[in-house]
Protein chains: 2
Amino acid sequence: MFSVSAKTQYAIRAMSYLATLGGRSATSAEIASAESIPSKYLEGIMSLLKTSGLVDSERGKHGGYRLAADPASITMLSIVEALDGSVKPVTCVDAIGSCAQGQGCQPRKFWIGLKDAIDEYLGERTLKDVTEG
Amino acid sequence: MFSVSAKTQYAIRAMSYLATLGGRSATSAEIASAESIPSKYLEGIMSLLKTSGLVDSERGKHGGYRLAADPASITMLSIVEALDGSVKPVTCVDAIGSCAQGQGCQPRKFWIGLKDAIDEYLGERTLKDVTEG
DNA sequence: TATATTCCTACCATCCCGATAGGAATACTG
DNA sequence: CAGTATTCCTATCGGGATGGTAGGAATATA
């Protein structure tokens with residue numbers, strides 16, 4: 001359980017690849033080829049990364065993608081959230097007044113604690129940590 | 001992302017309900033009614049809990065389910081694993097030699113670390129913690 | 001104008017999941 | 001033994017998410 005979508009795994013590999021380029025930009029096709037990711041599928045992923053501000057893009061000839069920030073300042077949490085949304089074990093974790101049990105709901109506290117644990121782990125590792133040995 | 005299946009949430013509620021009975025047994029139908037869980041669906045869930053040794057069951061008239069252990073010694077991890085399997089963000093976390101990158105694969109270490117963080121959180125809370133206020 | 005790229009929309013196939021149905025096995029009760 | 005209440009097993013189904021494809025519009029360069 002708690003498996004990570006292919007989309008997110010692809011995104012991490014794409015980001016890692018960009019991190020190795022030292023600021024140079026790469027086209028979606030180049031990344032797809034280098035990382036063995038379905039080319040057309042990756043296009044959509046790169047768009048999501050763009051929307052979230054994790055990469056910058058340029059269109060037209062000689063266009064492509066580059067990291068929008070230093071690998072050391074891009075958290076894994078930001079990548080994961082860009083594709084699959086925020087960590088939410090159960091739907092009520094962010095619905096403040098929605099719990100019929102009120103603010104003392106113990107299960108809800110339990111799930112929020114899990115979310116916090118995951119967010120903390122993902123938030124304190126960066127793309128640099130995962131990319132470099 | 002990382003949402004918990006309805007099956008697991010149902011299971012936790014069913015286990016919580018059993019925990020309130022102080023050792024008395026309850027039928028699947030009673031639990032379903034008390035917790036507003038689809039009755040037939042819950043039957044299958046109880047079977048899984050039985051297989052995992054979390055509950056004991058008796059068939060026939062006056063049959064039913066009871067907790068197999070004290071709520072304080074049933075970890076949330078054991079419940080979650082009974083239904084959705086072990087925490088496995090990516091498939092390679094437990095495939096020792098399967099990583100083409102060898103033992104130094106950094107992404108794999110990252111995912112294993114996430115698994116460990118989740119397992120630790122779930123492993124150190126018990127049914128008692130979640131059931132009681 | 002030609003070409004290479006991002007970007008947008010629609011579509012499709014497949015799998016997973018929540019849920020239902022029906023009935024077999026089992027155990028108690030009179 | 002007959003009836004009944006239960007667990008347990010197997011099959012099925014509909015819907016939604018997911019991985020992946022297709023085609024083309026917008027945009028930039030040469």
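Sequence lines set the chain letters: A, B, ... in the order given, protein chains first and strands last, and positions in each chain run from 1.
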Trainee: So, is the end of the A:Arg13 side chain (NZ or CZ) under 6.0 Å from the ring centre of A:Tyr17 and within 45° of the ring's axis?
Mentor: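 Because its charged atom misses either the 6.0 Å distance or the 45° angle limit, A:Arg13 does not stack over A:Tyr17.
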Trainee: Quick one: which residue pairs count as a ring pair (Phe, Tyr, Trp, His ring centres under 6.0 Å) with a foot in residues 47-85 of chain A, not counting sequence neighbours?
Mentor: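 Non-adjacent pairs meeting ring pair (Phe, Tyr, Trp, His ring centres under 6.0 Å): zero.
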Trainee: Is the shortest heavy-atom distance from the side chain of B:Met46 to the side chain of B:Leu49 under 4.5 Å?
Mentor: yes
Trainee: Round to the nearest Å and state the distance from A:Asp84 atom CG to D:dT18 atom C1'.
Mentor: 10 Å
Trainee: Using a heavy-atom distance cut-off of less than 4.0 Å, which residues of residues 1-23 of chain A contact DNA chain C?
Mentor: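 Residues of residues 1-23 of chain A that come under 4.0 Å of DNA chain C do not exist, since none gets that close.
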Trainee: Quick check on contacts: within residues 29-63 of chain A, what sits under 4.0 Å from DNA chain D by heavy-atom distance?
Mentor: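 Listed by number, they are A:Pro38, A:Lys40, A:Tyr41, A:Arg59, A:Gly60, A:Lys61, A:His62.
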Trainee: Rounded to the nearest 0.5 Å, what's the gap from CG on A:Leu83 to OG on A:Ser52? Could you check?
Mentor: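 So the CG of A:Leu83 and the OG of A:Ser52 are separated by 7.0 Å.
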Trainee: Side-chain contact, heavy-atom cut-off 4.5 Å: A:Leu127 with A:Leu54?
Mentor: no
Trainee: What's the CG-P distance between A:Leu83 and D:dG19, to the nearest Å?
Mentor: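 Checked: the CG to P distance equals 10 Å.
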Trainee: Does CD belonging to B:Gln9 count more than 12 external heavy atoms closer than 6.0 Å?
Mentor: yes
Trainee: Find out whether B:Pro89 and B:Phe110 are in side-chain contact, i.e. whether some heavy atom of one side chain is under 4.5 Å from a heavy atom of the other.
Mentor: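 Counting from C-beta outward, B:Pro89 and B:Phe110 never come under 4.5 Å.
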Trainee: Just how far is it from atom CG of B:Leu42 to atom OG of B:Ser47, taken to the nearest 0.5 Å?
Mentor: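 Output value for this atom pair is 9.5 Å.
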